[in-house]
Amino acid sequence: MDKQNLAFNKKNFILLGIGMIIIIIGFLLMTGPGSTETTFEADIFSTRRTKIAPFICFFGFVFMIYGILHKPSDKK
């Protein structure tokens, strides 16, 4: 298969991988102890879980969109 016919090149896949890693980091930042019926965990409303982690996930999704839309260069 000719490389000119491929939609993505190596740089696109690297950008997609970086975006996926950023999204995973954001979801890991959202994890933590949850509240149960008998105890209330105030950490579910922490700044890390409600503001920082969703922003990191959003940035990761935007980065993945950039990785998809990035046009491969015509250099040989």
Side-chain angles (χ1 to χ4, degrees):
M1 181 181 272
D2 187 22
K3 285 189 176 186
Q4 294 294 342
N5 294 334
L6 295 176
F8 292 153
N9 63 3
K10 183 178 178 180
K11 187 173 182 180
N12 291 97
F13 286 115
I14 290 172
L15 292 173
L16 289 173
I18 292 170
M20 185 57 73
I21 290 170
I22 292 171
I23 293 169
I24 291 170
I25 289 170
F27 276 105
L28 288 175
L29 288 173
M30 280 191 234
T31 61
S35 294
T36 62
E37 292 181 15
T38 57
T39 61
F40 173 73
E41 183 65 46
D43 188 47
I44 62 173
F45 300 112
S46 70
T47 304
R48 174 183 57 99
R49 291 173 79 176
T50 60
K51 292 184 173 94
I52 296 171
F55 176 76
I56 290 173
C57 287
F58 177 74
F59 178 72
F61 284 117
V62 169
F63 200 84
M64 287 200 54
I65 291 170
Y66 172 74
I68 292 170
L69 296 178
H70 183 267
K71 186 175 182 179
S73 62
D74 291 335
K75 293 181 182 179
K76 292 184 179 181

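Only this structure's heavy atoms are used, side chains among them; waters, hydrogens and symmetry mates stay out.
Ile56 belongs to a hydrophobic cluster whose other members, connected by ILVMFWY side-chain contacts under 4.5 Å either directly or through intermediates, are Ile14, Leu15, Ile18, Ile21, Ile22, Ile25, Leu29, Ile52, Phe59, Phe63, Tyr66.
Residues Asn12 and Ile68 approach most closely at ND2-O, 4.3 Å, considering heavy atoms. Nearest approach of Arg49 to Thr31, heavy atoms of both residues: NE-O, 4.0 Å. Residues Ile23 and Cys57 approach most closely at O-SG, 3.7 Å, considering heavy atoms. Across Pro33 and Glu41, no two heavy atoms sit closer than the pair O-CG, 3.8 Å.
Linking ILVMFWY residues whenever their side-chain heavy atoms come closer than 4.5 Å, directly or via other members, places Phe13 and Ile24 in the same cluster. Hydrophobic cluster membership differs between Val62 and Phe55, with clusters built from Ile, Leu, Val, Met, Phe, Trp and Tyr side chains linked at under 4.5 angstrom.
For Phe40, the CZ atom is densely surrounded, since the number of other residues' heavy atoms within 6.0 Å is greater than 12. Counting heavy-atom neighbours within 6.0 Å of Met64 CE, excluding the residue itself, gives a total above 12.
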